[in-house]
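Take a look at the structure set out below.
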Protein chains: 2
Amino acid sequence: MASRPTISDVAEASRVSISTVSLVMNGKGPVADATRQRVLAAADRLGYAPSRSARGLAARRTGNIGFVLREDHFRQSEPFYTRVFLGAEFEARRRGLYVLLSTVPDPYDPARHAPRFLTEHSVDGVVVAGGVDATLLEQLRARSIPFVLADYAWDDSPTVSADNRSGGRAVADHFVAQGHTRVGYLGADPEHPSPAERRDAYLGAMAEVGHPVPDGWVVTADGPSDRQTGALNAGLLLDRAPRPTAVFCANDALALGLLDAASERGLAIPDDLAVAGFDDVDGAALAKPPLTTVRIHKETLGETALGLLAEGLTGAVEEIPPRTLVPTELVVRASA
Amino acid sequence: MASRPTISDVAEASRVSISTVSLVMNGKGPVADATRQRVLAAADRLGYAPSRSARGLAARRTGNIGFVLREDHFRQSEPFYTRVFLGAEFEARRRGLYVLLSTVPDPYDPARHAPRFLTEHSVDGVVVAGGVDATLLEQLRARSIPFVLADYAWDDSPTVSADNRSGGRAVADHFVAQGHTRVGYLGADPEHPSPAERRDAYLGAMAEVGHPVPDGWVVTADGPSDRQTGALNAGLLLDRAPRPTAVFCANDALALGLLDAASERGLAIPDDLAVAGFDDVDGAALAKPPLTTVRIHKETLGETALGLLAEGLTGAVEEIPPRTLVPTELVVRASA
DNA sequence: TTGAAAGCGCTACCAA
DNA sequence: TTGGTAGCGCTTTCAA
């Protein structure tokens with residue numbers, strides 16, 4: 001089998017120099033239209049695709065983007081970050097980039113767990129999805145590898161996240177529209193900035209309309225944002241007297257846990273208790289009753305992060321904007 | 001910032017030629033031990049890591065492995081293939097390879113959906129996880145890109161899969177040990193070879209011990225292997241008279257669906273009905289009652305596939321073995 | 001608007 | 001056991 005065609009083959013076939021082929025393939029420089037056509041036709045006919053290695057070597061760019069994710073985030077059954085990755089991968093494809101996915105354990109030991117591409121400098125930039133150990137981010141910074149955070153925030157590094165505030169506000173508005181005045185909040189994972197934003201916007205909006213949420217009805221569990229935590233901490237809200245008539249949970253997992261706890265206590269949803277979540281995970285629509293929640297477009301999160309990074313890399317933009325929001329959307333189902 | 005060190009820097013620092021550095025870095029050739037030490041020390045001191053691009057260009061190997069997965073398999077909430085990927089990524093890391101994950105839609109259009117690395121020849125080989133459109137496999141073959149299938153089979157391509165037969169047999173043995181003689185089978189996804197292997201081994205083992213399973217108790221639904229299918233088709237087994245006292249399901253999703261259906265019918269598990277699944281998904285241990293099942297080591301599946309591929313690539317092995325089995329293990333819980 | 005030529009950092013062959 | 005050197009296929013000045 002003849003080995004794959006090179007730039008010289010294309011040059012020869014289209015009777016131009018390899019420089020010209022290079023210009024055409026990269027859409028650069030002033031090339032006569034006829035020449036361009038001829039080159040493209042030849043490339044197509046020969047099935048030519050530039051060698052990544054050669055390109056990388058000559059241009060000092062790898063064309064690779066790293067995608068870092070905490071291992072437990074990746075293997076969890078809720079495919080949140082999976083979708084963020086999918087969005088990033090999609091956008092990368094559009095831009096002719098490759099994505100190297102690397103998971104890191106938590107806790108993270110910089111000496112042993114550093115993604116290979118980091119030490120080998122085989123990526124042009126990195127997307128970091130979700131919370132990771134700050135050490136990793138410091139490593140990136142130390143090696144001056146550009147990075148964009150998705151669904152996380154650290155220092156003043158560029159980040160793209162869901163519009164948590166507008167989502168939190170939407171829930172409050174919805175509760176009020178349904179006639180609720182005595183509402184509560186259930187959160188977890190105090191480290192992560194998103195829940196805090198959701199909470200603050202929610203509490204703020206409730207206060208604005210004259211129904212401030214008493215401190216006793218604002219619960220932030222000191223554990224992971226999962227269903228179990230939701231169920232275990234539900235009592236702090238449900239077993240009080242008086243009890244709120246509606247609860248906003250920082251995410252769907254907690255909300256599903258709260259629903260479990262409510263059902264155990266024989267509470268009717270949404271009549272005795274209205275519940276809203278955040279994320280719109282797969283399980284939200286399947287819950288009994290189906291969960292009212294704020295939808296995050298997970299793919300868009302990844303797409304946007306990768307897009308920003310890529311633009312920053314090519315210099316298309318001077319500086320990556322420090323904070324980019326992806327819109328959220330209230331999805332009203334039966335639970336509230 | 002000074003740019004990263006190159007092989008010449010290391011050569012200079014250790015007072016040898018770049019050829020020698022190359023030999024040392026690749027663990028090749030006869031190099032005096034003292035020299036080796038000196039080179040390694042210098043490399044370490046300078047923070048030298050070989051450039052992937054240069055290496056790839058010179059050696060005509062990319063050091064990249066493609067990992068192909070159907071999109072719906074990747075985004076499904078059960079992180080089965082996610083773990084297979086994790087295993088592959090882990091093994092790749094050990095071997096100094098990168099994994100390029102690419103999802104493909106189903107149905108697959110070879111012209112529009114072909115993973116980029118396929119047309120760009122930027123991988124040395126490919127791991128294909130789970131079922132994909134045969135067109136893709138034909139493309140790989142046509143371009144003579146070596147590949148290994150994980151949890152799938154096609155033609156006589158090398159494949160690594162769970163030991164379905166021994167798992168199926170283990171379930172039969174367990175049922176018999178529990179005193180069951182009238183047992184059934186629930187499967188789905190007739191296309192995929194694994195369920196068929198599980199079924200045949202199971203039915204064979206039952207027949208061997210003198211309790212053949214009547215055809216009427218062998219149900220293979222013509223849909224996806226999911227919980228809903230399990231619940232919907234459960235009636236074909238549960239609403240018959242007489243009814244089997246134990247049912248083996250081709251996977252956990254179906255088994256969980258069957259449990260749902262059984263609970264709706266007021267059947268006590270495992271007294272009225274014993275149920276066993278296959279896979280040992282996260283949800284199996286959490287089911288009510290916890291599901292007896294056959295565990296597949298998903299990471300091992302990915303590790304093995306990538307390992308075999310890598311060995312084949314380096315020529316460490318003459319030919320990749322056509323069929324490699326990863327052991328399975330019966331996990332007895334409360335449902336059977 | 002096009003071409004010539006100098007590398008990019010490495011591997012692998014051949015000599016020493 | 002080590003070194004010299006010819007590429008690998010491309011990008012990128014610089015000239016023409």
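Numbers restart at 1 for each chain; the letters A, B, ... are given by sequence-line order, proteins then strands.
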Item to check | Distance, rounded to the nearest Å, where A:I7 contributes CD1 and C:dT2 contributes C1' | outcome: 14 Å
Checklist outcome for this item: Per atom distances to the B:S51 side chain, the nearest of C:dC10, C:dA12, D:dT2 is C:dC10
Checklist outcome for this item: When rounded to whole Å, the CG to C1' distance for the pair B:L23 and D:dT1 reads 9 Å
Item to check | Value in whole Å for how far the C1' atom of D:dG9 lies from CZ of B:R61 | outcome: 17 Å
Checklist entry - With a 4.0 Å cut-off on heavy atoms, is A:P30 in touch with a base, just the backbone sugar-phosphate, or nothing at all? => result base
Checklist entry - Within this structure, what is the CZ-to-P distance between A:R38 and C:dT1, rounded to whole angstrom? => result 14 Å
Next on the checklist: With a 3.5 Å distance limit and no angle check, can you tell me whether A:R95 reaches the backbone of A:A310 through a side-chain donor-acceptor pair?
Outcome noted: no
Checklist entry - Where along residues 42-49 of chain B does a heavy atom come under 4.0 Å from DNA chain C, residue by residue in number order? => result B:Y48
Checklist entry - OP1 or OP2 of D:dT12 less than 4.0 angstrom from a side-chain nitrogen or oxygen of A:K28, does that happen here? => result yes
Next on the checklist: With nearest nucleotide decided by heavy atoms, which residue, A:A32 or B:G56, maps closer to the 5′ end of DNA chain C?
Outcome noted: A:A32
Checklist entry - In whole angstrom, what separates A:R55's CZ from D:dG9's P? => result 15 Å
For nucleotides 6-8 of chain C, list the nitrogen or oxygen atoms of the protein found under 3.5 Å from its nitrogen or oxygen atoms, one pair per line.
{"residue": "C:dC8", "atom": "O2", "partner": "A:A58", "partner atom": "N", "Å": "3.3"}

Next on the checklist: Is it the case that the base of D:dG4 and the side chain of B:S19 share a donor-acceptor contact (distance under 3.5 Å, atom types as modelled)?
Outcome noted: yes
Checklist outcome for this item: Between CE of A:M25 and C1' of D:dT11 the distance, given in whole Å, is 13 Å
Item to check | Check: A:H121 side chain, B:P50 main-chain N or O, donor-acceptor pair, under 3.5 Å | outcome: no
Checklist entry - For A:V21, which contact category applies under a 4.0 Å heavy-atom criterion: base, sugar-phosphate, or nothing? => result nothing
Checklist outcome for this item: Whole-Å distance, B:E12 CD to D:dG3 P, equals 13 Å
Item to check | Side-chain N or O of B:S22 closer than 4.0 Å to phosphate OP1/OP2 of C:dT11 | outcome: yes
Checklist entry - Crowded around A:E12 CD? As in, over 12 foreign heavy atoms under 6.0 Å? => result no
Checklist entry - Parallel, tilted or perpendicular: which describes the rings of B:F67 and B:F85, with under 30° parallel and over 60° perpendicular? => result perpendicular
Next on the checklist: More than 12 heavy atoms of other residues, nucleotides or ligands under 6.0 Å from CZ of A:R116: yes or no?
Outcome noted: yes
Checklist entry - Has the side chain of A:D151 got a donor or acceptor atom that lies under 3.5 Å from a matching backbone atom of A:A129? => result no
Next on the checklist: Keeping B:T159 on the side-chain end and B:Y152 on the backbone end, is there a donor-acceptor pair under 3.5 Å?
Outcome noted: yes
Item to check | Separation of D:dT11 P from A:R52 CZ (nearest whole Å) | outcome: 11 Å
Item to check | B:D163 and B:P327, any side-chain heavy atoms less than 4.5 Å apart | outcome: no
Next on the checklist: Whether the A:D155 and A:S157 side chains hold a donor-acceptor pair (N or O, under 3.5 Å, no angle test) is what I'd like checked.
Outcome noted: no
Item to check | B:F90 atom CZ, neighbour heavy-atom count above 12 within 6.0 Å | outcome: no
Checklist entry - Of all the choices, C:dT2, C:dC10, D:dT2, which nucleotide is nearest to the side chain of B:T35 once you look at every atom? => result D:dT2
